[in-house]
Amino acid sequence: RSWSANLTLKASLAATCLLLISFALSFKDGAQPLSDFLLVCVYFLAGIPALIEAIEDLSIGEVNIDILMTLAAFSSIFIGSGMEGALLLVLFALSGSMEDAVTAKAKGAISSLHKLSPTKATVVENDGILIERSIKDIAIGTPILVKAGQIVPLDGTVIEGATALNLVHLTGESLPVTKTIGDEAPAGSMNLDGAVMLTVTRTSADSTLSRIIQLVTQAQEARTRLQRWQKMTPEQRRFVIERREQFRQMSPQERERVRSRYAQIKTLPKEDRQRIRQRFQELSRQPGGIENACPGDADQRLDCLGVPKAP
(Lines give C-alpha, C1' and ligand atoms only; values in the text may rest on other atoms or scores of the structure.)
Protein backbone atom coordinates (compact mmCIF):
# COMPACT_ATOMS: atom_id res chain seq x y z
CA ARG A 1 0.00 0.00 0.00
CA SER A 2 1.05 3.59 -0.59
CA TRP A 3 0.99 4.51 3.09
CA SER A 4 3.45 1.73 3.91
CA ALA A 5 6.07 2.94 1.42
CA ASN A 6 9.21 4.21 3.21
CA LEU A 7 7.54 3.50 6.56
CA THR A 8 10.80 3.71 8.52
CA LEU A 9 11.57 7.12 7.01
CA LYS A 10 8.08 8.39 7.88
CA ALA A 11 8.45 7.12 11.44
CA SER A 12 11.84 8.82 11.73
CA LEU A 13 10.42 12.13 10.47
CA ALA A 14 7.51 11.83 12.90
CA ALA A 15 9.96 11.19 15.75
CA THR A 16 11.93 14.26 14.69
CA CYS A 17 8.83 16.47 14.77
CA LEU A 18 7.79 15.12 18.16
CA LEU A 19 11.29 15.70 19.52
CA LEU A 20 11.24 19.35 18.39
CA ILE A 21 7.82 19.91 19.96
CA SER A 22 8.93 18.19 23.16
CA PHE A 23 12.05 20.35 23.30
CA ALA A 24 10.01 23.54 22.83
CA LEU A 25 7.45 22.57 25.48
CA SER A 26 10.19 21.82 28.01
CA PHE A 27 10.76 25.59 28.37
CA LYS A 28 7.11 26.39 29.14
CA ASP A 29 5.70 26.33 32.63
CA GLY A 30 3.12 23.61 33.19
CA ALA A 31 3.89 21.84 29.90
CA GLN A 32 6.50 19.47 31.28
CA PRO A 33 4.12 16.45 31.49
CA LEU A 34 3.17 16.88 27.82
CA SER A 35 6.84 17.27 26.91
CA ASP A 36 7.69 14.05 28.73
CA PHE A 37 4.84 12.22 27.00
CA LEU A 38 6.06 13.32 23.56
CA LEU A 39 9.58 12.26 24.53
CA VAL A 40 8.28 8.79 25.35
CA CYS A 41 6.68 8.68 21.88
CA VAL A 42 10.06 9.58 20.37
CA TYR A 43 11.72 6.69 22.19
CA PHE A 44 8.93 4.41 20.98
CA LEU A 45 9.23 5.44 17.30
CA ALA A 46 13.01 5.70 17.07
CA GLY A 47 14.24 3.66 20.01
CA ILE A 48 12.26 0.41 19.86
CA PRO A 49 13.44 -0.53 16.32
CA ALA A 50 17.03 0.26 17.30
CA LEU A 51 16.65 -1.81 20.48
CA ILE A 52 15.30 -4.80 18.53
CA GLU A 53 18.21 -4.63 16.05
CA ALA A 54 20.71 -4.37 18.94
CA ILE A 55 19.26 -7.48 20.60
CA GLU A 56 19.44 -9.38 17.28
CA ASP A 57 23.10 -8.38 16.84
CA LEU A 58 23.96 -9.40 20.40
CA SER A 59 22.25 -12.77 19.89
CA ILE A 60 24.83 -13.65 17.21
CA GLY A 61 27.74 -12.25 19.23
CA GLU A 62 28.26 -9.11 17.16
CA VAL A 63 29.07 -5.78 18.82
CA ASN A 64 28.89 -2.73 16.56
CA ILE A 65 28.31 1.01 16.68
CA ASP A 66 24.52 0.56 16.57
CA ILE A 67 24.56 -1.43 19.82
CA LEU A 68 26.74 1.15 21.55
CA MET A 69 24.52 3.97 20.31
CA THR A 70 21.36 2.26 21.56
CA LEU A 71 22.96 1.54 24.93
CA ALA A 72 24.09 5.16 25.30
CA ALA A 73 20.69 6.54 24.29
CA PHE A 74 18.67 4.45 26.73
CA SER A 75 21.24 4.87 29.51
CA SER A 76 20.90 8.65 29.19
CA ILE A 77 17.44 8.37 30.74
CA PHE A 78 18.93 7.26 34.07
CA ILE A 79 21.22 10.28 34.27
CA GLY A 80 18.51 12.81 33.48
CA SER A 81 19.51 13.41 29.84
CA GLY A 82 16.55 11.85 28.09
CA MET A 83 16.35 14.68 25.56
CA GLU A 84 19.95 14.12 24.44
CA GLY A 85 19.38 10.37 24.17
CA ALA A 86 16.27 10.96 22.06
CA LEU A 87 18.28 13.26 19.77
CA LEU A 88 20.88 10.52 19.29
CA LEU A 89 18.19 7.99 18.43
CA VAL A 90 16.51 10.35 15.98
CA LEU A 91 19.78 11.11 14.16
CA PHE A 92 20.62 7.43 13.75
CA ALA A 93 17.04 6.59 12.76
CA LEU A 94 17.04 9.29 10.08
CA SER A 95 20.35 8.16 8.60
CA GLY A 96 19.31 4.50 8.59
CA SER A 97 15.87 5.16 7.12
CA MET A 98 17.30 7.32 4.34
CA GLU A 99 19.76 4.56 3.48
CA ASP A 100 16.88 2.06 3.39
CA ALA A 101 14.85 4.37 1.16
CA VAL A 102 17.71 4.70 -1.33
CA THR A 103 18.20 0.93 -1.34
CA ALA A 104 14.48 0.35 -1.87
CA LYS A 105 14.49 2.81 -4.77
CA ALA A 106 17.40 0.96 -6.40
CA LYS A 107 15.59 -2.36 -5.96
CA GLY A 108 12.51 -0.76 -7.50
CA ALA A 109 14.55 0.02 -10.59
CA ILE A 110 15.44 -3.66 -10.91
CA SER A 111 11.78 -4.59 -10.46
CA SER A 112 10.81 -2.15 -13.23
CA LEU A 113 13.35 -3.72 -15.57
CA HIS A 114 11.95 -7.17 -14.85
CA LYS A 115 8.42 -5.94 -15.56
CA LEU A 116 9.65 -4.41 -18.80
CA SER A 117 11.07 -7.71 -20.01
CA PRO A 118 8.50 -9.77 -21.98
CA THR A 119 8.20 -13.46 -21.22
CA LYS A 120 6.81 -14.50 -24.62
CA ALA A 121 7.45 -13.68 -28.27
CA THR A 122 5.52 -14.29 -31.50
CA VAL A 123 7.47 -16.78 -33.63
CA VAL A 124 6.90 -16.85 -37.39
CA GLU A 125 6.88 -20.44 -38.68
CA ASN A 126 8.02 -21.45 -42.18
CA ASP A 127 4.42 -21.62 -43.41
CA GLY A 128 3.67 -18.15 -42.01
CA ILE A 129 1.76 -19.32 -38.94
CA LEU A 130 2.27 -17.17 -35.83
CA ILE A 131 2.92 -19.03 -32.59
CA GLU A 132 3.60 -17.57 -29.15
CA ARG A 133 6.54 -19.14 -27.36
CA SER A 134 8.50 -18.47 -24.21
CA ILE A 135 11.58 -16.38 -24.96
CA LYS A 136 13.68 -19.02 -23.16
CA ASP A 137 12.72 -21.56 -25.84
CA ILE A 138 13.62 -19.37 -28.82
CA ALA A 139 16.96 -20.09 -30.46
CA ILE A 140 19.27 -17.81 -32.41
CA GLY A 141 18.15 -17.33 -36.02
CA THR A 142 14.44 -17.72 -35.27
CA PRO A 143 12.21 -15.10 -36.98
CA ILE A 144 9.86 -13.25 -34.62
CA LEU A 145 7.16 -10.64 -35.19
CA VAL A 146 6.98 -7.48 -33.09
CA LYS A 147 3.80 -5.43 -33.45
CA ALA A 148 3.36 -1.72 -32.81
CA GLY A 149 3.19 -0.93 -29.10
CA GLN A 150 5.02 -4.09 -28.05
CA ILE A 151 8.37 -4.43 -26.30
CA VAL A 152 11.08 -6.10 -28.36
CA PRO A 153 11.49 -9.43 -26.51
CA LEU A 154 14.92 -10.46 -27.86
CA ASP A 155 17.86 -8.88 -29.60
CA GLY A 156 17.49 -9.22 -33.33
CA THR A 157 18.11 -7.85 -36.81
CA VAL A 158 15.27 -6.33 -38.83
CA ILE A 159 14.55 -8.49 -41.89
CA GLU A 160 11.18 -7.07 -42.87
CA GLY A 161 9.45 -3.74 -42.32
CA ALA A 162 10.56 -0.46 -40.75
CA THR A 163 9.67 1.23 -37.49
CA ALA A 164 10.79 3.66 -34.80
CA LEU A 165 12.03 2.28 -31.48
CA ASN A 166 11.97 4.04 -28.13
CA LEU A 167 15.29 3.27 -26.38
CA VAL A 168 14.81 5.50 -23.35
CA HIS A 169 14.72 2.52 -20.97
CA LEU A 170 18.06 1.26 -22.26
CA THR A 171 20.18 4.23 -23.31
CA GLY A 172 18.26 7.24 -22.00
CA GLU A 173 17.74 8.47 -25.57
CA SER A 174 14.45 10.39 -25.51
CA LEU A 175 13.97 10.60 -29.28
CA PRO A 176 12.76 7.53 -31.23
CA VAL A 177 15.34 5.79 -33.40
CA THR A 178 14.33 4.62 -36.88
CA LYS A 179 15.11 0.99 -37.67
CA THR A 180 15.00 -0.48 -41.15
CA ILE A 181 16.09 -3.75 -42.78
CA GLY A 182 19.55 -4.75 -41.56
CA ASP A 183 19.48 -2.63 -38.38
CA GLU A 184 19.85 -4.09 -34.89
CA ALA A 185 16.85 -3.94 -32.53
CA PRO A 186 17.84 -4.39 -28.86
CA ALA A 187 15.64 -6.25 -26.40
CA GLY A 188 13.70 -3.95 -24.09
CA SER A 189 13.07 -1.22 -26.66
CA MET A 190 9.48 -0.32 -27.51
CA ASN A 191 8.15 -0.58 -31.05
CA LEU A 192 6.28 2.66 -31.72
CA ASP A 193 5.12 2.41 -35.35
CA GLY A 194 4.51 -0.55 -37.63
CA ALA A 195 5.04 -4.25 -37.25
CA VAL A 196 8.53 -5.58 -38.03
CA MET A 197 10.02 -9.03 -38.37
CA LEU A 198 13.33 -9.75 -36.66
CA THR A 199 15.85 -12.55 -36.76
CA VAL A 200 16.98 -13.38 -33.21
CA THR A 201 20.69 -12.73 -32.70
CA ARG A 202 20.98 -13.46 -28.95
CA THR A 203 19.17 -15.79 -26.57
CA SER A 204 17.14 -14.47 -23.63
CA ALA A 205 19.99 -15.12 -21.18
CA ASP A 206 22.39 -13.02 -23.27
CA SER A 207 20.02 -10.26 -24.41
CA THR A 208 20.71 -6.57 -23.90
CA LEU A 209 17.99 -6.25 -21.25
CA SER A 210 19.20 -9.31 -19.35
CA ARG A 211 22.75 -7.98 -19.28
CA ILE A 212 21.55 -4.58 -18.01
CA ILE A 213 19.60 -6.28 -15.21
CA GLN A 214 22.64 -8.41 -14.35
CA LEU A 215 25.00 -5.41 -14.25
CA VAL A 216 22.64 -3.35 -12.09
CA THR A 217 22.15 -6.29 -9.71
CA GLN A 218 25.91 -6.83 -9.41
CA ALA A 219 26.44 -3.12 -8.73
CA GLN A 220 23.85 -3.20 -5.94
CA GLU A 221 25.30 -6.32 -4.35
CA ALA A 222 28.88 -5.07 -4.54
CA ARG A 223 30.30 -3.84 -1.24
CA THR A 224 33.40 -1.95 -0.31
CA ARG A 225 36.07 -3.66 1.76
CA LEU A 226 34.95 -1.71 4.85
CA GLN A 227 31.34 -2.86 4.40
CA ARG A 228 32.42 -6.47 4.00
CA TRP A 229 34.58 -6.17 7.13
CA GLN A 230 31.69 -4.71 9.15
CA LYS A 231 29.40 -7.56 8.10
CA MET A 232 31.85 -10.22 9.32
CA THR A 233 31.48 -11.98 12.66
CA PRO A 234 34.38 -11.75 15.17
CA GLU A 235 35.46 -15.29 14.25
CA GLN A 236 35.56 -14.42 10.55
CA ARG A 237 37.61 -11.27 11.23
CA ARG A 238 40.11 -13.22 13.31
CA PHE A 239 40.38 -15.80 10.53
CA VAL A 240 41.07 -13.10 7.92
CA ILE A 241 43.76 -11.45 10.09
CA GLU A 242 45.51 -14.78 10.72
CA ARG A 243 45.39 -15.71 7.02
CA ARG A 244 46.91 -12.36 6.04
CA GLU A 245 49.75 -12.91 8.49
CA GLN A 246 50.37 -16.40 7.07
CA PHE A 247 50.24 -14.97 3.55
CA ARG A 248 53.03 -12.50 4.39
CA GLN A 249 55.22 -15.35 5.58
CA MET A 250 54.83 -17.37 2.35
CA SER A 251 57.39 -17.55 -0.40
CA PRO A 252 56.67 -15.63 -3.64
CA GLN A 253 55.75 -18.86 -5.43
CA GLU A 254 53.29 -19.89 -2.69
CA ARG A 255 51.75 -16.41 -2.66
CA GLU A 256 51.18 -16.52 -6.40
CA ARG A 257 49.55 -19.96 -6.19
CA VAL A 258 47.20 -18.92 -3.38
CA ARG A 259 46.42 -15.60 -5.10
CA SER A 260 45.49 -17.40 -8.31
CA ARG A 261 43.13 -19.70 -6.40
CA TYR A 262 41.39 -16.76 -4.74
CA ALA A 263 41.11 -15.08 -8.15
CA GLN A 264 39.51 -18.29 -9.42
CA ILE A 265 36.58 -17.71 -7.05
CA LYS A 266 35.58 -14.51 -8.90
CA THR A 267 35.25 -16.44 -12.16
CA LEU A 268 32.88 -19.03 -10.70
CA PRO A 269 29.11 -18.89 -11.32
CA LYS A 270 27.05 -17.00 -8.76
CA GLU A 271 25.59 -20.22 -7.32
CA ASP A 272 29.08 -21.66 -6.67
CA ARG A 273 30.26 -18.44 -5.03
CA GLN A 274 27.22 -18.44 -2.75
CA ARG A 275 27.84 -22.08 -1.88
CA ILE A 276 31.46 -21.36 -0.90
CA ARG A 277 30.39 -18.32 1.13
CA GLN A 278 27.71 -20.31 2.97
CA ARG A 279 30.15 -23.10 3.76
CA PHE A 280 32.68 -20.59 5.07
CA GLN A 281 30.02 -19.04 7.34
CA GLU A 282 28.85 -22.44 8.59
CA LEU A 283 32.38 -23.62 9.39
CA SER A 284 33.31 -20.34 11.09
CA ARG A 285 30.35 -20.74 13.50
CA GLN A 286 31.45 -24.20 14.63
CA PRO A 287 33.39 -24.64 17.91
CA GLY A 288 36.99 -23.72 17.26
CA GLY A 289 36.11 -21.92 14.07
CA ILE A 290 37.27 -22.78 10.59
CA GLU A 291 40.77 -23.61 11.87
CA ASN A 292 39.50 -26.84 13.45
CA ALA A 293 37.04 -27.62 10.66
CA CYS A 294 39.65 -27.14 7.91
CA PRO A 295 43.13 -27.67 9.36
CA GLY A 296 46.24 -27.24 7.26
CA ASP A 297 47.74 -24.58 5.05
CA ALA A 298 45.92 -22.13 2.77
CA ASP A 299 45.63 -24.60 -0.11
CA GLN A 300 44.10 -27.26 2.12
CA ARG A 301 41.58 -24.81 3.56
CA LEU A 302 40.55 -23.73 0.08
CA ASP A 303 40.08 -27.40 -0.82
CA CYS A 304 37.93 -27.82 2.30
CA LEU A 305 35.75 -24.88 1.22
CA GLY A 306 35.29 -26.41 -2.20
CA VAL A 307 37.32 -23.85 -4.17
CA PRO A 308 38.52 -25.41 -7.45
CA LYS A 309 42.20 -25.36 -8.23
CA ALA A 310 43.42 -22.75 -10.69
CA PRO A 311 44.17 -24.16 -14.16
Side-chain angles (χ1 to χ4, degrees), residues 1-6 100-223 266-275:
R1 298 180 181 180
S2 58
W3 61 268
S4 62
N6 298 327
D100 293 339
V102 172
T103 303
K105 185 176 180 180
K107 291 182 178 179
I110 290 292
S111 178
S112 299
L113 287 175
H114 279 291
K115 291 179 181 179
L116 181 65
S117 178
T119 58
K120 294 184 178 181
T122 304
V123 176
V124 182
E125 298 290 341
N126 294 331
D127 53 3
I129 298 178
L130 303 180
I131 300 177
E132 276 198 353
R133 290 183 183 174
S134 172
I135 59 175
K136 297 180 180 179
D137 299 331
I138 298 177
I140 296 176
T142 303
I144 60 175
L145 179 67
V146 182
K147 300 178 181 179
Q150 292 183 338
I151 301 294
V152 177
L154 295 167
D155 292 337
T157 303
V158 179
I159 58 175
E160 184 179 325
T163 186
L165 299 181
N166 186 355
L167 306 177
V168 65
H169 305 292
L170 304 177
T171 63
E173 177 63 44
S174 58
L175 298 177
V177 178
T178 302
K179 298 292 183 179
T180 58
I181 296 176
D183 293 335
E184 293 288 333
S189 57
M190 175 173 286
N191 185 14
L192 300 179
D193 293 338
V196 291
M197 190 180 300
L198 310 176
T199 298
V200 177
T201 56
R202 293 191 185 94
T203 61
S204 60
D206 194 36
S207 66
T208 300
L209 189 58
S210 297
R211 285 183 290 173
I212 291 176
I213 294 175
Q214 182 181 4
L215 290 174
V216 175
T217 303
Q218 290 176 353
Q220 289 182 358
E221 294 177 350
R223 295 175 178 173
K266 299 180 180 179
T267 63
L268 297 175
K270 183 178 180 180
E271 295 76 13
D272 293 340
R273 296 199 304 270
Q274 290 178 343
R275 175 180 52 78

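Side chains included, hydrogens not; waters and symmetry mates left out as well; all remaining heavy atoms used.
- Rounded to the nearest 0.5 Å, atoms OG (Ser207) and CD1 (Ile135) are 6.5 Å apart.
- Partners of Arg275 by side chain to side chain donor-acceptor pair (under 3.5 Å), not counting sequence neighbours: none found.
- Atom CG of residue Asp206 and atom OG1 of residue Thr201 lie 9.0 Å apart, to the nearest 0.5 angstrom.
- Two residues are said to be in side-chain contact when any heavy atoms from C-beta on lie closer than 4.5 Å; Leu192 and Pro176 meet this criterion.
- The shortest non-hydrogen separation linking Glu184 to Gly156 is OE1-O, 3.4 Å.
- Here Glu132 pairs with nothing under the salt bridge (Lys or Arg N to Asp or Glu O under 4.0 Å) rule; sequence neighbours left out.
- Within the model, atoms CG of Leu154 and CD1 of Ile138 stand 5.5 Å from one another, a figure rounded to the nearest 0.5 Å.
- Looking at heavy atoms from C-beta onward, Val124 lies in side-chain contact with Leu130 at the 4.5 angstrom threshold.
- Within the 4.5 Å cutoff, the side chain of Val158 has no heavy atoms near those of the Glu160 side chain.
- Distance check, rounded to the nearest 0.5 Å: CD1 of Ile144 to OG1 of Thr122 gives 8.0 Å.
- Between Pro186 and Leu165, the shortest heavy-atom distance links the atoms CD-CD1, 4.4 Å.
- With hydrogens and angles ignored, the 3.5 Å screen pairs no side-chain donor or acceptor of Lys179 with any backbone N or O of Ala162.
- Judged purely by distance below 3.5 Å, without hydrogens or angles, the side chains of Asn191 and Thr163 pair a donor atom with an acceptor atom.
- In this structure the side chain of Thr142 never reaches within 4.5 angstrom of the side chain of Ile140, judged on heavy atoms.
- A salt bridge links Arg133 with Glu125: the closest approach of a Lys/Arg side-chain nitrogen to an acidic carboxylate oxygen falls below 4.0 angstrom.
- Remark: Asn126 CG is loosely packed, at most 12 non-hydrogen atoms of other residues, nucleotides or ligands lying under 6.0 Å away.
- Taking CG of Asp155 as the reference point, atom CZ of Arg202 lies at 5.0 Å (rounded to 0.5 Å).
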*For side-chain contact (heavy atoms from CB on, under 4.5 Å), just list the numbers for Val152 and Gln150, CA-CA rounded to whole Å, side-chain angles, deciding distance to a tenth of an Å, and then say yes or no.*
CA-CA 6 Å; Val152 177; Gln150 292 183 338; over 6 Å; no
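- To the nearest 0.5 Å, atoms CE (Met197) and CD1 (Ile181) are separated by 10.5 Å.
- Contact detail for Pro143 and Ile159: the closest heavy-atom pair is CB-CD1, 4.4 Å.
- Between Val146 and Pro153, some side-chain heavy-atom pair lies under the 4.5 Å cut-off.
- Here Thr180 pairs with Asp183 under the side chain to side chain donor-acceptor pair (under 3.5 Å) rule; sequence neighbours left out.
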